[in-house]
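Reading through the structure tokens given below for one structure.
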Amino acid sequence: MPKNAPRRLRLFALALAAALLPLPALAAPSKADVEAQFEKWVQSDLWPEAKANGISEKTFKAAFSGITLNWNLPDLVPPGFPPPKEQKQTQAEFSSPGPYFNEDRLKKLAATGRGFAAQYGSTLKRIEKTYGVPGSIVLAIWGRETGFGAAKIPNSAIEVLATKAFMSTRKDMFRTELVAALHILDGGDVTPADFKGSWAGALGQPQFMPTSYLKYAVDFDGDGHRNIWTSVPDTLASIANFLVKKGWQRERDWGFEVSIPEAVSCAQEGPDLAKPLSHWASLGIERISGKGFPLGEMKADGMMLVPAGRDGPEFIVTPNFYIIKEYNNSDLYALYIGNLADRIAANGGAFEGRWGDVGKMLRSDVAGMQKALERQGYDVGGSDGLPGYKTRRSIGQWQAKNGMKPTCFPEATMKGKLQ
């Protein structure tokens with residue numbers, strides 16, 4: 001720029017040049033900075049909401065005394081830190097379900113469960129009379145969730161819930177659970193020191209989230225407090241109350257392992273295709289044990305379930321199977337509970353059908369199949385790469401329509417044909 005250029009113009013040019021220079025990257029805040037933000041959030045953001053929800057200041061201060069962020073929890077997104085990279089659905093998501101049903105583990109749980117069935121026999125009889133849920137089912141859930149209360153639950157529930165409400169990938173959900181947790185403390189059922197939960201915020205021996213505790217926990221030992229941390233009667237009755245409030249049907253089983261004839265399509269599964277058990281029996285579907293279906297069940301609805309398609313155990317389940325899924329929304333979980341309950345109640349054993357070597361496909365490949373089926377008008381329940389019952393039966397229907405033997409499960413040989 002000429003020396004005789006106006007001073008204002010020269011200053012503008014210098015400023016413009018400076019603006020075009022690369023700026024140093026802003027440093028991410030330190031953990032101490034985030035902790036300070038957390039303290040401010042607790043007092044300025046959370047406390048007003050808690051107060052508006054009827055939480056006393058005494059309870060709030062006691063709950064947060066000594067509470068800091070737990071940086072060891074998963075799925076955290078600290079303010080000012082780079083967001084986690086989105087993970088592509090390319091991992092080998094599906095392996096055979098067989099390892100889930102570890103026989104040694106199931107045998108140990110069943111033996112321990114039978115011991116507790118005897119020890120708490122009178123309590124379980126009261127529970128069955130009050131709620132209509134078999135004691136074996138309640139014991140199976142207790143055993144699966146926390147090893148009949150033996151599992152260590154060392155985390156402060158408030159610390160976990162507050163950390164996740166402040167900086168997790170699901171802040172809103174955990175904020176709701178945190179306020180519910182404060183209501184529990186405010187009710188006086190448990191002290192902050194004893195208010196323990198899992199890394200996900202699930203409480204005590206039944207692993208209830210705080211909102212579930214408020215809805216379903218009960219005082220069954222008559223001491224005036226709902227105590228799912230150290231009271232076995234309260235723990236067992238709370239599990240039963242959860243199930244019955246979700247719709248458990250008295251006098252009904254959870255389901256039966258069966259043999260489905262080759263001529264009967266596997267593409268008939270799902271709770272929306274319920275039929276009387278007498279209908280399934282008329283198709284030649286039989287219990288694999290050789291026993292007949294209970295007479296009291298024949299007129300009641302049952303549903304086909306083929307969690308690995310034709311390459312695994314096959315079942316006719318009752319609506320109670322889907323009530324167990326309310327506890328943990330997984331077919332395998334509900335089957336595990338049903339099998340463990342049968343072992344506790346009647347010395348049952350492993351499922352007789354063998355889990356095949358299924359599930360080696362990438363989740364992204366399954367999602368691609370689901371999208372292709374959706375384009376053809378099939379209801380697959382969403383293209384998330386997870387083969388639930390709607391995907392399984394849609395695959396079976398598509399296979400039959402295209403002259404293939406229905407297997408009702410994603411197979412690698414389908415990738416080229418199902419575009």
Side-chain angles (χ1 to χ4, degrees), residues 109-110 112-151 153 157 177 180-181 183-191 194-198 201-254 318-329 333-334 336-346:
L109 286 174
T112 305
R114 286 191 289 270
F116 280 121
Q119 182 178 348
Y120 294 103
S122 60
T123 297
L124 290 166
K125 284 181 181 178
R126 276 207 305 137
I127 287 172
E128 291 180 355
K129 183 177 180 180
T130 303
Y131 300 104
V133 180
S136 58
I137 292 286
V138 173
L139 287 169
I141 291 175
W142 185 33
R144 182 71 176 85
E145 292 298 322
T146 55
F148 305 102
I153 307 174
E177 295 296 343
H183 276 293
I184 294 170
L185 290 173
D186 209 42
D189 279 342
V190 62
T191 67
D194 295 328
F195 196 44
K196 301 295 185 181
S198 72
L203 306 175
Q205 297 186 42
Q207 288 291 275
F208 280 175
M209 293 303 288
T211 51
S212 290
Y213 176 98
L214 292 174
K215 292 178 183 176
Y216 308 115
V218 296
D219 170 24
F220 207 68
D221 61 13
D223 69 352
H225 295 285
R226 297 178 292 178
N227 177 5
I228 60 172
W229 291 270
T230 60
S231 169
V232 172
D234 288 6
T235 293
L236 298 178
S238 295
I239 293 171
N241 188 46
F242 175 96
L243 295 173
V244 78
K245 290 286 178 64
K246 291 292 185 179
W248 185 273
Q249 297 183 8
R250 282 177 179 260
E251 308 297 334
R252 296 214 63 189
D253 210 312
W254 67 269
T318 77
N320 285 342
F321 175 85
Y322 294 96
I323 300 304
I324 297 172
K325 285 186 66 175
E326 293 284 340
Y327 215 99
N328 184 326
N329 189 21
Y333 176 88
Y336 193 103
I337 296 302
N339 182 252
L340 179 54
D342 288 349
R343 291 172 187 245
I344 292 171

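As a basis for the values below, the full set of heavy atoms in this structure was taken, side chains included, without hydrogen atoms, waters or symmetry mates. Quantities reported herein were computed from a predicted structural model and do not represent experimental measurements. Residue numbers count from 1 along this sequence.
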Inset, instruction - Examine distances only and state if a side-chain atom of His225 and a backbone atom of Gly188 form a donor-acceptor pair shorter than 3.5 Å. - result: yes

Inset, instruction - Would you check if the side chain of Arg144 reaches a backbone N or O of Leu109 as a donor-acceptor pair within less than 3.5 Å? - result: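 Checking the backbone N and O of Leu109 against the side chain of Arg144, no donor-acceptor pair under 3.5 Å is found.
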
Going from [atom1] on [X] to [atom2] on [Y], what distance comes out if it is rounded to the nearest 0.5 angstrom?
{"X": "Ile239", "Y": "Leu243", "atom1": "CD1", "atom2": "CG", "result": "8.0 Å"}
{"X": "Asn227", "Y": "Gln205", "atom1": "CG", "atom2": "CD", "result": "8.5 Å"}
{"X": "Asn339", "Y": "Trp254", "atom1": "CG", "atom2": "CH2", "result": "7.0 Å"}
{"X": "Ile153", "Y": "Asp194", "atom1": "CD1", "atom2": "CG", "result": "12.0 Å"}
{"X": "Ile228", "Y": "Phe208", "atom1": "CD1", "atom2": "CZ", "result": "6.0 Å"}
{"X": "Gln207", "Y": "Ser212", "atom1": "CD", "atom2": "OG", "result": "11.5 Å"}

Legend entry - Derivation and outcome, side chain to side chain contact (heavy atoms under 4.5 Å, CB included), residues Trp229 and Asp234: CA-CA 9 Å; Trp229 291 270; Asp234 288 6; over 6 Å; no

Least distance between heavy atoms, [X] atom then [Y] atom:
{"X": "Ala334", "Y": "Lys325", "value": "CB-CG, 3.7 Å"}
{"X": "Gln249", "Y": "Asn320", "value": "N-OD1, 2.8 Å"}
{"X": "Ala110", "Y": "Leu340", "value": "N-CD1, 3.6 Å"}
{"X": "Pro210", "Y": "Gly201", "value": "CD-O, 3.7 Å"}

Legend entry - Working for side chain to side chain contact (heavy atoms under 4.5 Å, CB included), residues Leu214 and His183: CA-CA 8 Å; Leu214 292 174; His183 276 293; 4.2 Å; yes

Legend entry - With Phe321 via ring-ring contact (aromatic ring centres under 6.0 Å, His included) - residues at least two apart: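 Scan of Phe321 (ring-ring contact (aromatic ring centres under 6.0 Å, His included), adjacent residues dropped) gives none.
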
Legend entry - Thr146 and Thr235: CA distance, side-chain angles, deciding distance, side chain to side chain contact (heavy atoms under 4.5 Å, CB included) verdict: CA-CA 11 Å; Thr146 55; Thr235 293; over 6 Å; no

Legend entry - Between Tyr327 and Trp248, ring centroids under 6.0 Å: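 Between Tyr327 and Trp248, the centre distance exceeds or equals 6.0 Å.
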
Inset, instruction - Compute the ring centroids of Phe242 and Tyr216, then answer whether they are less than 6.0 Å apart. - result: yes

Legend entry - Pro319 side chain reached by Arg252 side chain, heavy atoms, under 4.5 Å: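 Answer yes - side chains close enough.
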
Inset, instruction - Side-chain contact test, heavy atoms from C-beta onward, threshold under 4.5 Å: evaluate it for Ile141 versus Pro206 and give yes or no. - result: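 A side-chain contact is absent here, since even the closest heavy-atom pair is not under 4.5 Å.
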
Inset, instruction - Could you note down all residue pairs passing salt bridge (charged side-chain N to carboxylate O under 4.0 Å, His left out) where residues 207-225 supplies at least one of them, sequence neighbours left out? - result: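 As it turns out, there is no salt bridge (charged side-chain N to carboxylate O under 4.0 Å, His left out) pair with a partner in residues 207-225 once direct neighbours are skipped.
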
Inset, instruction - Kindly indicate, with the supporting measurements, whether the criterion side chain to side chain contact (heavy atoms under 4.5 Å, CB included) is fulfilled by Leu203 and Val190. - result: CA-CA 11 Å; Leu203 306 175; Val190 62; over 6 Å; no

Pairs under 3.5 angstrom only: tabulate donor-acceptor contacts from the side chains of residues 116-140 to other protein residues two or more places apart or in another chain.
unit_1 : atom_1 : unit_2 : atom_2 : d
Arg126 : NH2    : Phe220 : O      : 3.1
Glu128 : OE2    : Gly135 : N      : 2.6
Thr130 : OG1    : Arg126 : O      : 2.7

